[in-house]
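Each chain gets a letter, A, B and so on, in the order its sequence line appears, and its residues count up from 1. Worth saying up front: this structure is predicted, and the values here are computed from it rather than measured. Side chains included, hydrogens not; waters and symmetry mates left out as well; all remaining heavy atoms used.
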2 protein chains.
Amino acid sequence: MKRVGIKDVAAAAGVSATTVSHILNAVEGKRINPDTRQLVLETAERLGYLPNNLARGLRLSRSYTVGFLSDEIATTPHAGLIIKGAQEAAAELGLLLLMLNTGNDRELEQKEIDLLLQHRVDGILYASMYHRTVEVPEQLRSVPTVLLDARSDDPAFPSVVPDEEQGGRTATRELLDHGHRRIGFVTNSDDIPATSGRLAGYRGALAEAGIGFDAALVSADLSDAQGGYRAARRLLGTAHRPTALFCFNDRMAMGAYRAAAELGLTVPGDLSVIGFDNQELISENLFPALSTVALPHYEMGARAIAQLQAVIDAPEPAGAPRSQETLHCPLVPRDSVAPPPRL
Amino acid sequence: MKRVGIKDVAAAAGVSATTVSHILNAVEGKRINPDTRQLVLETAERLGYLPNNLARGLRLSRSYTVGFLSDEIATTPHAGLIIKGAQEAAAELGLLLLMLNTGNDRELEQKEIDLLLQHRVDGILYASMYHRTVEVPEQLRSVPTVLLDARSDDPAFPSVVPDEEQGGRTATRELLDHGHRRIGFVTNSDDIPATSGRLAGYRGALAEAGIGFDAALVSADLSDAQGGYRAARRLLGTAHRPTALFCFNDRMAMGAYRAAAELGLTVPGDLSVIGFDNQELISENLFPALSTVALPHYEMGARAIAQLQAVIDAPEPAGAPRSQETLHCPLVPRDSVAPPPRL
DNA sequence: GGGTTCTGCCAAAACGATTTGGCACCTGCC
DNA sequence: GGCAGGTGCCAAATCGTTTTGGCAGAACCC
């Protein structure tokens, strides 16, 4: 099952391989007779010629391939959108994505990077499945690398992350805009950028609205539905309960729904709820559908590829500080936010 | 930033490139002095030699690369596990996955297949994000291809799919085993293998238990939480209501929970519920946690790679019928199934 | 000692593209 | 006619491997 090569096209068109190559690659500064060009193009088309990327890459020292190295691809549905964004942006540039995941195994990671280097990838996307600070493996210094949904303390690596603080501000503002003044924050207790960023956004929005920060309105717990349930119960059990809850993520919001139901509070009539992450499986299937703030996963993937391309193109003075890009988290309004009940 | 090649190793070790190649590839039937072997291995290690896969592939007509072509990677969290299964099994064989998704755009799909062929992939996994029958593009006949979570009417393509019928039987049996005799089936109304397969499994399990099929216990609707809610309401509103519900998927089960809550029925005290798909974001976060049946996504990915490898190895008589593999769907018991209430 | 067999290694030809450096022919001009 | 310059094409080298078909020299045998 032999594929047709450039020589076959050349022979069929009665010209040399050189000429075919010049024509197909539209090389600048080469004079080609329009008739010949036409003939060659038609012949290539007719024979179904597809350039052999291995040969091409060998000659050009360029594989038109990018490694996508992620810590844990399986656990979150977000992974899909990041990949999709990266893949589509890559395809636009004629690049293909080589997927690997390390499962947070440092040793395996080494081997996988070697594999990618063997395949002579043009660059590597080092992706995390949740926004965090990472320790970048040494080997990645020898190849263009961009951090995706992750950042490093080493400024030599460009990174693309969501703007957690703006997201927190957006969520809180959505509640403020509906007239809420007493807003609880159901947060989580991990020390990650999302936690501190969203809290900062929450405080910022309150300050803007001239509302003082009240630590009694913040309740932290595990970041799943159980945790959200407990934290919400604590906040809603108080005498002067909040009229709205900003939840750290949609899973915690799911728990908040249950807490509200148990207390006989309807959403959004008695209590408004807003989540974060826009996990559609949850936010769209809850009743009422959950208003939330989306993480720009698709855009992160796409922007990471753009950054990578920039590094590949730029003859980088190694170690020079690179762009740390922060992406906007948009509001996704649904049905869980309404004006506070009249007292 | 030039990488070290086989010639560099040869020079450093004082032998020819031929010898280095023989040693590193452990070629059979070649006599090598153990001392030389040792020296070469050490030199390669010391210089950090990594073979250039492009050159290697060019020579061997083998890229050690597999295309993963999926219709829609983003919409479902299952995607991650399929990919992970495929990726890990591939890595085991020294293969890397080239990811592309078509978004169900036939024209784009053509281009992407061309791209994969340009990169001279050793084979292609043609994956669907839900079990269905597909029309395989013509171009895929020229390259080893395996259908993943999909099947074709053309028996030339091997495929790997979940055993929907066994899954339906397993779910129903779980309810029967807890003593339920009156079991409702909240199903969906699309004409896909999952619908008919799970229904067949439901009927099969009932028959085994000597219970007659009652069409009034089956209610179809959209396959999301809203649909599940409506279907469950219909079944639970009847005079002689079922004591347990088998739901087509976890999202519908989520709706069933709400229906139960509205009717004042507790799960699993008054009503047992079992789902399907094991969407952990839902099943683990519902209260009580949802018992369900898992789709073997990881295994499907892994088995598909195994099948692909078989096709690559086998000098296939083109068009010969290939294996259609069906994978077991395991029960995932949680807290939503209990014995029926005593009347 | 001379032939034969082993041992251990190597030179050179692929693989399929791109790129460098021409070369042959034509045209126009004096 | 001779020369300069332009036009349109091509031969050969190259990228980094693998593989084929040896070839020297040592060891063995009689």
Going by salt bridge (charged side-chain N to carboxylate O under 4.0 Å, His left out), name the pairs with one or both residues in [range], residues two or more places apart or in two chains.
range	result
residues 31-41 of chain B	none
residues 91-104 of chain A	none
residues 54-69 of chain A	R62(A)-D122(A)
residues 97-108 of chain A	R106(A)-E109(A)

Does I6(A) or K30(A) map to a spot on DNA chain C nearer the 5' end, using the closest nucleotide for each?
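The residue closer to the strand's 5' end, by nearest nucleotide, is I6(A).
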
From [atom1] of [X] over to [atom2] of [N], roughly how many Å is that when rounded to an integer?
X	N	atom1	atom2	result
D35(A)	dT7(D)	CG	P	16 Å
N25(A)	dC9(D)	CG	P	17 Å
Y49(B)	dG16(D)	OH	C1'	8 Å
L117(A)	dG16(D)	CG	C1'	16 Å
Q118(A)	dG16(D)	CD	P	15 Å
H22(B)	dT17(D)	NE2	P	15 Å

Check the pair Q307(B) / S323(B) against side chain to side chain donor-acceptor pair (under 3.5 Å), numbers first and verdict last.
CA-CA 8 Å; Q307(B) 295 268 4; S323(B) 143; 2.9 Å; yes

Can you pull out how bent the helix from dG1(C)-dC30(D) to dC30(C)-dG1(D) is, comparing the axes over its first five and last five pairs, to 10°?
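Angle reported: 70°, given to the nearest ten degrees.
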
Is it true that the side chains of [X] and [Y] contain a donor and an acceptor less than 3.5 Å apart?
X	Y	answer
T18(B)	S21(B)	no
T102(A)	E112(A)	no
E135(A)	S152(A)	no
S63(A)	R120(A)	no

Would you mind telling me which of I305(B), L98(B), I82(B) makes a side chain to side chain contact (heavy atoms under 4.5 Å, CB included) with F68(B)?
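Passing option: I82(B).
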
Dump the intermediate steps for side-chain contact (heavy atoms from CB on, under 4.5 Å) on I192(A) and Y130(A), then the final yes or no.
CA-CA 9 Å; I192(A) 53 176; Y130(A) 67 93; 4.0 Å; yes

Let's see if you get this right: which residues in residues 12-21 of chain A place a heavy atom under 4.0 Å from DNA chain C?
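Residues of residues 12-21 of chain A that come under 4.0 Å of DNA chain C are, in numerical order, T18(A), S21(A).
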
Among residues 50-61 of chain B, which ones have heavy-atom contacts with DNA chain C below 4.0 Å?
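Of all residues in residues 50-61 of chain B, the ones placing a heavy atom under 4.0 Å from DNA chain C are L58(B), R59(B).
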
Minimum heavy-atom distance A150(A)-V161(A), with the two atoms named:
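Closest pair (atom of A150(A), atom of V161(A), distance): O-CG1, 3.5 Å.
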
Could you tell me which residues satisfy side-chain contact (heavy atoms from CB on, under 4.5 Å) with E88(A), sequence neighbours excluded, listed by chain and number?
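Scan of E88(A) (side-chain contact (heavy atoms from CB on, under 4.5 Å), adjacent residues dropped) gives K84(A), Y298(A), N101(B).
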
Assign a letter to each nucleotide of nucleotides 24-29 of chain D from its 5' end: B, base within under 4.0 Å of a protein heavy atom; S, sugar-phosphate only; -, no contact.
------

Got a sec, which residues hit ring pair (Phe, Tyr, Trp, His ring centres under 6.0 Å) with H119(A), two or more places apart in sequence or on another chain?
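For H119(A), no residue satisfies ring pair (Phe, Tyr, Trp, His ring centres under 6.0 Å) once neighbours in sequence are set aside.
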
Got a sec, which residues hit ring pair (Phe, Tyr, Trp, His ring centres under 6.0 Å) with H22(A), two or more places apart in sequence or on another chain?
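Not a single residue meets the ring pair (Phe, Tyr, Trp, His ring centres under 6.0 Å) criterion with H22(A).
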
Could you tell me the separation between the CE atom of M300(A) and the CG atom of L125(A), rounded to the nearest 0.5 Å?
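The CG atom of L125(A) is 11.5 Å from CE of M300(A), to the nearest 0.5 Å.
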
Along DNA chain C, first and last positions that approach a heavy atom of chain B under 4.0 Å
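Contact boundaries, 5' end first: dT7(C) to dG16(C).
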
